[in-house]
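Structure first, commentary second.
Quick note: numbers below take in every heavy atom, side chains included, and nothing from hydrogens, waters or symmetry partners. The sequence lines fix the lettering, A, B, ..., with proteins before strands; numbering per chain opens at 1.
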Amino acid sequence: MVPRTNILGKRVGKIDPGSLPAYVASGGFLALRKALTLQPEEIVHEIMAAHLIGRGGAAFSAGFKWAAVRRETARPKYVVCNADESEPGTFKDRYLLEGDPFRIVEAMAISAYAVGANRGFLYVRGEYPLAYKRLAHAVAESRRAGYLGLNLWNTEFCFDIEIYRGAGAYVCGEETALFESIEGRRGQPRLKPPFPTTNGLFGQPTLINNVETLANVPDIVLNGGQWYRTLGPLTNPGPKLYAVSGHVRKPGVYEATMDLTLQELIYELAGGIPGGRRVQAVLVGGAAGTFLRPDQLDVALGFDTLRTIGATLGSGAVMVLDDSVDLWNVLRRVTRFFQHESCGKCFPCQLGTQRQAEIVTRLAAGNVHPGDGAALTDIGLTMRDASICGLGQMASSALLSAFSQFSLLPREDEL
Amino acid sequence: MTETTETFTYDYPAIEAIVTRHEAKGRAGLLPCLQEIQAFTGWLTPDICQLVGRRLDVPLADIYGVIDFYTLLYREPVGKTIIRVCDDMACYLNGSEEVLSSFKKWLGIGPGETTPDGKYTLEVHPCLGYCDLAPMAMMGDDVHGHLTPDKVADLLEVK
């Protein structure tokens with residue numbers, strides 16, 4: 001049995017995403033209403049008990065962040081929704097933003113109440129104009145109907161959301177680069193520590209969560225952390241969105257618990273490979289992800305299960321490459337992507353992504369020099385160890401995994 | 001090709017009104033302010049940058065630094081509609097190279113160039129996040145998916 005769920009996407013495509021009455025009629029804002037009858041600590045406790053793992057790519061414990069921001073005494077505090085989804089192959093946040101925007105508004109309000117913030121910022125990718133339009137409408141409608149603003153449900157709690165649009169920079173999905181961008185600067189990451197929980201947006205304690213992470217919150221508040229832990233594997237509980245693209249019959253977003261195998265996702269949910277072709281490779285986690293071989297399709301798509309085979313789930317992007325593909329053309333795009341998106345602040349990444357792209361472009365053209373493999377490994381490991389943010393740290397991940405999974409480079413003695 | 005700006009509404013009082021709306025936020029108003037103005041003018045001229053800098057209290061060098069950092073902000077004239085063709089992995093796997101060639105052929109320009117009539121600017125873009133619609137392109141704010149060379153010709157109304 002394919003472990004499909006219908007929690008995060010229950011409204012997507014079913015109700016009018018522009019209609020507040022439709023959202024409320026389908027159980028919307030019940031969780032916020034319930035949250036406001038609880039102590040903030042109780043909500044943080046439920047998120048902890050749920051073992052909610054961040055869905056943005058870094059797989060950090062959401063409860064841990066919430067508790068840390070809750071503890072801070074400095075005021076004001078802020079909550080930020082990271083909707084700057086830009087990882088190649090990833091479109092699951094867009095699915096939620098376009099299909100159920102009110103849910104994100106509600107979840108942000110709950111998170112603000114839990115950590116003691118009164119202002120929220122939603123930073124949505126610039127290339128998502130429809131998502132922006134729907135979010136702006138959802139925020140305005142919620143405000144008009146009194147779901148945002150002063151003294152919600154006659155409590156002390158006040159909360160409002162300001163929307164920022166990204167302007168075309170992958171690195172702004174990095175939390176501190178996102179803060180810089182809102183503050184009107186070039187989107188370059190800050191050195192950590194200090195972490196956002198103590199010194200985030202405008203230097204204040206800040207809770208920042210990915211869209212999909214927040215989308216889990218209303219159901220956890222309504223049903224409890226214990227209920228959430230019964231969904232899927234105990235170590236990786238809860239529903240997960242998988243964005244499937246490439247050579248499959250039905251590309252799209254699929255929701256399941258994290259015991260779903262890659263085989264089930266590709267063949268049972270996404271309809272298999274068109275044209276009678278076979279799988280050559282699967283890129284899991286986008287450009288910052290890792291390649292898997294066709295004999296590894298029985299792996300479950302959880303954070304920990306993928307780690308045991310040296311891969312990462314990342315954002316949950318799954319790109320399928322059939323046996324007609326020249327992998328070099330794909331690797332050239334991966335390295336060109338990081339070359340373009342490196343912000344240039346720290347030089348392992350600034351120089352490493354340039355050299356990496358140059359060498360891979362030459363290799364893709366069939367021009368192999370002795371020592372290329374060693375040079376790319378050296379560049380890759382240096383970026384991984386010495387870059388200040390995830391972009392540089394992961395910029396060689398897909399390339400080096402392709403080298404270890406497939407025999408792409410000729411042996412040195414054959415050159 | 002500065003003449004392309006004349007295809008946009010260039011209404012100084014309207015620009016000042018946008019700046020006034022964001023002035024109180026200071027530097028945190030910079031990105032939305034530039035984005036809103038650009039939606040009007042197409043690109044950010046030196047006099048716009050000076051006005052924004054003066055009113056939001058941001059040095060001009062920083063404004064140029066910010067604009068040049070972000071792909072979607074322009075300090076040079078661009079066409080009335082910007083065509084962004086995705087040529088990243090998922091789109092490549094589904095035929096983006098052919099799609100890009102037909103855009104180039106019908107427009108008679110290469111990536112980064114603007115048609116002589118100022119109507120279109122063509123760009124090759126990293127993953128735009130619509131991989132379920134691959135191969136795809138955006139024309140302004142409109143998303144066009146499952147593109148073929150024929151569909152490209154239809155979009156550009158060249159047939």
*asked:* Taking the side chain as everything from C-beta on, heavy atoms only, tell me whether E97(B) gets closer than 4.5 Å to N329(A).
replied: no

_Segment of C343(A) engaging chain B (4.5 angstrom heavy-atom cut-off)_ = both

*What part of S181(A) is in contact with chain B, defined as an atom under 4.5 angstrom from a non-hydrogen atom: side chain, backbone, both or neither?*
both

*Scan V143(B), T71(B), L72(B) and name whichever one has a side chain to side chain contact (heavy atoms under 4.5 Å, CB included) with E127(A).*
L72(B)

*Side chain, backbone, both or neither: which part of Y95(A) has a non-hydrogen atom closer than 4.5 Å to chain B?*
neither

*Does R333(A) use its side chain to pair, donor to acceptor, with the backbone of M89(B) at less than 3.5 Å?*
no

*Under a 4.5 Å heavy-atom cut-off, does chain B meet the side chain of V171(A), its backbone, both or neither?*
side chain

*Does D57(B) CG have over 12 foreign heavy atoms under 6.0 Å away?*
no

_E98(B) atom CD, neighbour heavy-atom count above 12 within 6.0 Å_ = no

*Using a cut-off of under 4.5 Å for heavy-atom pairs, which of G166(A), P129(A), P251(A), A167(A) has the most such pairs with chain B?*
A167(A)

*Just how far is it from atom OH of Y123(A) to atom CG of L31(B), taken to the nearest 0.5 Å?*
6.0 Å

*Check whether more than 12 heavy atoms from other residues, nucleotides or ligands sit under 6.0 Å from atom CD of E76(B), and answer yes or no.*
no

*Could you tell me whether the side chain of Y170(A) and the main chain of C127(B) form a donor-acceptor pair under 3.5 Å?*
no

*Check for a donor-acceptor pair, side chain of R125(A) on one end and backbone N or O of L128(B) on the other, with a separation under 3.5 Å.*
yes

_For the student: nearest non-hydrogen atoms of F69(B) and Q188(A), plus distance_ = CE1-CG, 4.0 Å

*Measure D142(B) against the heavy atoms of chain A and call it side chain, backbone, both or neither at under 4.5 Å.*
neither

_Let's test your reading of the structure: which of R336(A), E85(A), K133(A), K92(A) forms the most heavy-atom pairs below 4.5 Å with chain B?_
R336(A)

*Shortest non-hydrogen contact from P126(B) to E341(A)?*
CG-OE2, 3.5 Å

*Which answer fits E36(B), side chain, backbone, both or neither, if we ask what part of it has an atom under 4.5 Å from a heavy atom of chain A?*
neither

_Largest heavy-atom contact set with chain B, pairs under 4.5 Å, which of F202(A), F337(A), Y164(A)_ = Y164(A)

*Kindly compute the distance separating OG (S245(A)) from CG (L93(B)), expressed to the nearest 0.5 Å.*
7.5 Å

*Of the backbone (N, CA, C, O) and the side chain (C-beta and beyond), which part of D88(B) lies under 4.5 Å from a heavy atom of chain A, both, or neither?*
both

*Segment of L283(A) engaging chain B (4.5 angstrom heavy-atom cut-off)*: side chain

*Measure the spacing between CG of D62(B) and CZ of R185(A) and express it to the nearest 0.5 Å.*
8.5 Å

*What are the residues of residues 131-139 of chain B, in order of number, with any heavy atom under 4.5 angstrom from a heavy atom of chain A?*
C131(B), D132(B), M138(B)

*Between L73(B), L56(B), L30(B), D87(B), which has the largest tally of heavy atom pairs under 4.5 Å with chain A?*
D87(B)

*asked:* Please check: side-chain N/O of Q35(B) versus main-chain N/O of R165(A), any donor-acceptor pairing under 3.5 Å?
replied: yes

*Measure distances from A317(A) to the heavy atoms of chain B and classify the residue's part below 4.5 Å as side chain, backbone, both or neither.*
neither

_Counting only non-hydrogen atoms closer than 4.5 Å, does V330(A) touch chain B with its backbone (N, CA, C, O), its side chain (CB onward), both, or neither?_
both

*So which of P88(A), G187(A), G89(A) has the biggest tally of heavy-atom pairs under 4.5 Å with chain B?*
G187(A)

*Hey, what do you get for OH (Y92(B)) to CZ (R332(A)), rounding to the nearest 0.5 Å?*
7.5 Å

